[in-house]
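Shown next, in structure tokens, is the structure this report addresses.
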Number of protein chains: 2
Amino acid sequence: MADERGSTHAKRAAYDLRQRILKGEMPGGTRLYEVALADEMAISRTPVREAMSRLAEEGLLERARGGGFVVRSFSQADVVDAIELRGVLEGTALRLAAEAGAEPRAIAEAREILTRIDTALAAGDVAMLDPYGELNGLFHEEIAALCPSAIVRRELDRVKSLPFASPSAFVFKRLDSPAMINSLVIAQAQHHAMLDAIEAREGARAEALAREHARIARANLESRAKSADEGHPALALIVN
Amino acid sequence: MADERGSTHAKRAAYDLRQRILKGEMPGGTRLYEVALADEMAISRTPVREAMSRLAEEGLLERARGGGFVVRSFSQADVVDAIELRGVLEGTALRLAAEAGAEPRAIAEAREILTRIDTALAAGDVAMLDPYGELNGLFHEEIAALCPSAIVRRELDRVKSLPFASPSAFVFKRLDSPAMINSLVIAQAQHHAMLDAIEAREGARAEALAREHARIARANLESRAKSADEGHPALALIVN
DNA sequence: GGCCCCATCAATGTATACATGACCGTGTAT
DNA sequence: ATACACGGTCATGTATACATTGATGGGGCC
């Protein structure tokens, strides 16, 4: 009764359900029954409904015809499209930031993160992968914050909330080939170029870079699919 | 008790609330109280909560800190940004359609709508404005349907659901100057060009056209603001 | 034998009573 | 005078009983 993941039953239930869905425990298309869930969690139907409603806002559930909720289905094609869309929206965010001009202070903060990534990359061993993934996610947060449009930032956040569309979803966890190091080096070069473009108010360049940058995530996804490395956590909720 | 706008109290309440918000009756930032609304509508709190939850999914309400819901606030800048974003997403939809290739049958259907707009435009009087607005909305639906990506279509729909970001939000209702006719002629030329681009698989052209096309809506919005033509229905919920 | 109707059940929809928690005023102590 | 603590009030959070609806299966009629 005193779980730490929220102060109300509804928030805890939403957290629990989210975890279970993201873990793939309830694949796309699974119907969620209020009574069953309320039973399992030892709470009443009311907070369960509330939780499902919140997850529907997040895009993890869909309202079913005739009432109730169903886990949203994502196909392989949806994953690719979501990454593409993330690139488009990040590109728009950066273009608007470049056109409007960004605070030098905020740009400097983003650069500072890039410096830390540079340092991690210099190590060149497998131990840098975890910091890389974290710093990468942080950097993408920082550049999204440069966008002057709250509407664009919000929609970008929304797309990034899909586990497989987030910028750090397909950063490697192992170093199987030298090509992987190269891929990180290239991505980091794009990071630097994006900031340069914003600073120089080169909107079109910033936009193009963001789109191309997202293609690295797509390529990583596809190489992962080929190497039959199933069970990637971000892909747990994909159905074919 | 037998309103026609939905079979359940929750759906009717959602419909009612949506109308009231879009009418500007409850400006951005207004807090909604369950008991008060339940009283007014002569239903219990439960369907009111359900209705508010649905409107939050639509993006019309936001969950307030400490519980409850607040009408989402949109600034003038948000309106401009939403139109820009709509252009970006429509552009992406058309680019993907062009790159993947679209069904000739579907393209023909869209062209048929354009023919009807051509006919309406030929009249050249104020009576054509209503059909124009309707056909324009229909055309934008048709071209969105050409996009092979369900994810992109969904996000585009989401943005278009904002009343001021929909393609036909700022089509004129009166003909005050010859320049307005020109604006419609230009927009229609862009419509034709978009379909041409998709047919010829010219993705970049289709994307650029969609973005430029959205700029007409933005220009209409700004000329409207200048002419102090307040009370536009799509702008009722804007707060400054 | 096939089809339709009705009973039954299981799921969500709704109402309401009660619990909890947040906000705001007032009071006091520093 | 300001900061903090306390308590009351009001809104939301939760549980639960009851209503309604939609699906399903069996039995009877054609």
Side-chain angles (χ1 to χ4, degrees), chain A residues 1-21 25-73, chain B residues 1-21 25-73:
Chain A
M1 212 60 140
D3 204 351
E4 297 308 319
R5 294 304 180 174
S7 48
T8 70
H9 286 168
K11 285 177 187 163
R12 273 193 295 273
Y15 179 86
D16 282 358
L17 275 177
R18 191 185 300 109
Q19 295 305 316
R20 292 173 67 178
I21 293 169
E25 195 175 319
M26 304 158 134
T30 305
R31 172 136 193 193
L32 301 184
Y33 295 102
E34 295 178 5
V35 277
L37 292 172
D39 255 24
E40 290 175 31
M41 305 188 196
I43 57 181
S44 78
R45 284 171 52 209
T46 312
V48 172
R49 280 169 76 100
E50 172 73 15
M52 293 196 295
S53 171
R54 284 165 187 257
L55 295 183
E57 283 175 45
E58 288 178 25
L60 239 49
L61 300 182
E62 285 176 327
R63 288 182 191 273
R65 124 198 116 78
F69 292 85
V70 173
V71 179
R72 185 164 163 204
S73 285
Chain B
M1 214 58 143
D3 206 349
E4 297 306 319
R5 295 303 180 173
S7 48
T8 70
H9 286 168
K11 285 178 186 163
R12 274 193 295 275
Y15 179 86
D16 282 358
L17 275 178
R18 192 185 299 110
Q19 295 305 316
R20 291 174 66 178
I21 293 169
E25 197 175 319
M26 303 157 135
T30 304
R31 171 136 193 194
L32 300 185
Y33 295 102
E34 295 177 5
V35 277
L37 292 172
D39 255 24
E40 290 175 31
M41 304 187 195
I43 58 181
S44 79
R45 284 171 52 207
T46 312
V48 172
R49 278 170 77 99
E50 171 74 16
M52 293 196 296
S53 173
R54 284 166 187 256
L55 295 183
E57 284 174 42
E58 289 178 24
L60 240 47
L61 300 183
E62 285 177 327
R63 289 183 191 273
R65 122 196 121 81
F69 293 86
V70 172
V71 178
R72 186 165 163 204
S73 285

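Keep in mind the model is a prediction, meaning the values are calculated, not measured. Labels below follow one simple rule: chain letters A, B, ... track the order of the sequence lines, proteins then strands, and each chain is numbered from 1.
- The side-chain hydrogen bond (donor to acceptor under 3.5 Å, both in side chains) test applied to A/R72 returns no partner, not counting sequence neighbours.
- In this structure, the side chain to side chain contact (heavy atoms under 4.5 Å, CB included) partners of A/E25, at least two apart in sequence or on a different chain, are A/R20, A/K23.
- For A/Q19, there are no side-chain hydrogen bond (donor to acceptor under 3.5 Å, both in side chains) partners two or more places apart in sequence or in a different chain.
- Atom pair A/R12:CZ and C/dT20:P shows a separation of 13 Å (rounding to whole Å applied).
- Protein atom CZ of A/R49 is 18 Å distant from nucleotide atom P of D/dT12, rounded to whole Å.
- Among D/dA15, C/dT14, C/dT12, the nucleotide with an atom closest to any side-chain atom of A/R31 is C/dT12.
- The heavy-atom pair separating A/S73 from A/G28 by the smallest distance is OG-C, 3.3 Å.
- Atom pair A/M52:CE and D/dT14:P shows a separation of 14 Å (rounding to whole Å applied).
- A close approach under 4.0 Å does occur between a side-chain nitrogen or oxygen of B/H9 and OP1 or OP2 of C/dA15.
- Rounded to whole angstrom, the span from the CG atom of A/D39 across to the C1' atom of C/dA10 amounts to 14 Å.
- Under the side chain to side chain contact (heavy atoms under 4.5 Å, CB included) criterion, B/R49 pairs with A/E50, B/E34, B/R45, not counting sequence neighbours.
- In terms of heavy-atom proximity, A/L37 sits nearest to A/M26 at CD2-CE, 4.1 Å.
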Restricting both atoms to N or O, compile the protein contacts to nucleotides 19-25 of chain D shorter than 3.5 Å, with distance only.
none

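- Residues forming a side chain to side chain contact (heavy atoms under 4.5 Å, CB included) with A/T46 (at least two apart in sequence, or on another chain): A/S44.
- C/dA22 atom P lies 16 Å from atom CD of B/E34, rounded to whole Å.
- For the OP1/OP2 pair of D/dA17 and a distance below 4.0 Å, the side-chain nitrogens and oxygens of A/R45 include no atom meeting the criterion.
- Rounded to an integer number of Å, the gap from A/R63 CZ to C/dA11 C1' is 16 Å.
- Projected onto DNA chain D by closest heavy-atom contact, B/T46 and B/Y33 fall at different nucleotides, the more 5' of which corresponds to B/Y33.
- Counting to the nearest Å, the C1' atom of C/dG13 and the CD1 atom of B/I43 are 11 Å from each other.
- As a whole-Å value, the separation of B/M41 CE from C/dT14 P is 13 Å.
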